[in-house]
Amino acid sequence: MGCFECCIKCLGGVPYASLVATILCFSGVALFCGCGHVALTGTLTMLENHFSQITTDHATLTIVMQTMQYVIYGIASFFFVYGIILLAEGFYTTSAVKKELQSQFKTTVCGRCITATFVFLTYILGLAFLGIFGFSAIPVFLFYNMWTTCAAMKSPMANITDPDSICVDVRQYGIIPWNATPGKACGSTLGDICSTSEFYLSFHLYIVACAGAGATLIALLIYMMATTYNYAVLKFMSHGNRRSAKFSEPY
């Protein structure tokens, strides 16, 4: 066997769908966790400086945000390990399918059960990350509303006789209690808040974190399709049927 044939054989055993999903998953989780962690810190700093200057008013919010940061640590660690396991499972299943096509390998019930378990777990994680993706869009919406309000006040086309009448009240979103002081920002004070580094950085980091959550969700969908395809092929072949196939995973 020449070098070219050997390379073709090795490339034929690579689970390309799982490989692409792993790269996308690692990138998405890194963006979501890293940017989300920094954005939460910046948001808390902005709230403490401009909307809730009494510590007891935002004590519960502080605990919630710190808990979310610890959850982010757990998500990053879990998906790092889970992505490697799914990639290894993709290599194993691809090899099993190719060998079974050549009548050199027989899959076991245990192997098929493991693949089915990964299909189920990936499906559950996909639903969970769908909720996380929707949740991560909420701060983007809130910051966007504040940014558009500030942009409208600074616009030369705006004809505002009383800028102090334009306010953003974060208490209406349930972020801080109604008795928080001052709870809202109006006019020039609001414009100054939008010019701070905490607002600018947190706004863009939330956008990137939301995009990272979307990338992770797409990666989980690719994982689910790849593992479902492999499980279906293995189960079909386990009944004694043989079907010619060029690759064990779809591109």
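Everything numeric here is computed off the predicted structure, so don't read it as measured data.
- Listed by first and then second residue, the side-chain hydrogen bond (donor to acceptor under 3.5 Å, both in side chains) pairs that reach into residues 20-36 are T22-Y223, sequence neighbours excluded.
- By the 6.0 Å contact criterion, CZ on F203 is enclosed, its count of non-hydrogen atoms from other residues, nucleotides or ligands being greater than 12.
- Judged by distance alone, with hydrogens and angles left aside, the side-chain atoms of S202 form no donor-acceptor pair with the main-chain N or O of F199 at under 3.5 Å.
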Original post:
Should C186 and I166 be marked as a side-chain contact (heavy atoms from CB on, under 4.5 Å) after you check the CA-CA gap, both sets of side-chain angles, and the distance that decides it?
Top reply: CA-CA 6 Å; C186 304; I166 300 177; over 6 Å; no

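- Note: the hydrophobic cluster containing F133 does not contain F143 (ILVMFWY, side chain heavy atoms under 4.5 Å, direct or indirect links).
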Please tabulate, for the side chains in residues 64-75, all donor-acceptor contacts under 3.5 angstrom to protein atoms that are two or more places apart in sequence or on a different chain.
from	atom 1	to	atom 2	distance (Å)
T67	OG1	I63	O	2.8
Q69	NE2	H37	O	3.3
Q69	NE2	T41	OG1	2.9
Y73	OH	H37	NE2	2.7

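- Note that SG of C33 is 13.0 Å distant from CZ of F80, once rounded to the nearest 0.5 Å.
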Pairs of donor and acceptor atoms involving the side chains of residues 206-221, under 3.5 Å and at least two apart or interchain, shall be tabulated with distances.
from	atom 1	to	atom 2	distance (Å)
Y206	OH	T43	OG1	2.9
T216	OG1	V29	N	3.2
T216	OG1	G212	O	2.9

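- I193 and L40 fall within the same hydrophobic cluster, where Ile, Leu, Val, Met, Phe, Trp and Tyr residues are linked whenever their side-chain heavy atoms come under 4.5 Å apart, directly or through other members.
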**OP:** Report the C-alpha distance between I84 and F26 in whole Å, list the side-chain angles of each, state the deciding distance to 0.1 Å, and finish with yes or no for side-chain contact (heavy atoms from CB on, under 4.5 Å).
**Re:** CA-CA 10 Å; I84 293 177; F26 285 174; 4.0 Å; yes

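- Residues C167 and L190 have side chains not in contact (no heavy-atom distance under 4.5 Å, counting atoms from C-beta outward).
- Residues L44 and M146 fall within the same hydrophobic cluster, defined by Ile, Leu, Val, Met, Phe, Trp and Tyr side chains chained together at heavy-atom separations under 4.5 Å.
- Interatomic distance, CZ of F79 versus CD1 of I85, reported as 12.0 Å (0.5 Å rounding).
- Between the side chains of Y82 and T122, a donor-acceptor pair is found at a separation under 3.5 Å.
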Subject >> Y173 vs I138, side-chain contact (heavy atoms from CB on, under 4.5 Å): CA-CA, chis, key distance, verdict >> reply: CA-CA 10 Å; Y173 300 116; I138 296 177; over 6 Å; no

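- Annotation: the span from L205 atom CG to L31 atom CG amounts to 10.5 Å, rounded to 0.5 Å.
- Atom-to-atom distance recorded for Y200:OH and S195:OG is 11.5 Å, nearest 0.5 angstrom.
- The two residues A21 and I222 come nearest to each other via the heavy atoms CB-CG2, 3.7 Å.
- For D169, the salt bridge (charged side-chain N to carboxylate O under 4.0 Å, His left out) partners at least two apart in sequence or on another chain are R171.
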**OP:** Show your working on side-chain contact (heavy atoms from CB on, under 4.5 Å) between L142 and V170 and close with a plain yes or no.
**Re:** CA-CA 9 Å; L142 299 181; V170 298; over 6 Å; no

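- Side-chain N or O atoms of T227 include one that pairs as donor or acceptor with a backbone N or O of M224 at under 3.5 Å.
- For residues 133-147, no pair satisfies side-chain hydrogen bond (donor to acceptor under 3.5 Å, both in side chains), with sequence neighbours left out.
- L86 and V81 end up in the same hydrophobic cluster when Ile, Leu, Val, Met, Phe, Trp and Tyr side chains are linked at under 4.5 Å.
- Qualifying ring-ring contact (aromatic ring centres under 6.0 Å, His included) partners for F32, counting only residues two or more places apart in sequence or in other chains: F129.
- D192 CG to H50 NE2: the interatomic distance, rounded to the nearest 0.5 Å, is 8.5 Å.
- In this structure, OG on S52 lies 12.0 Å from CE on M46, to the nearest 0.5 angstrom.
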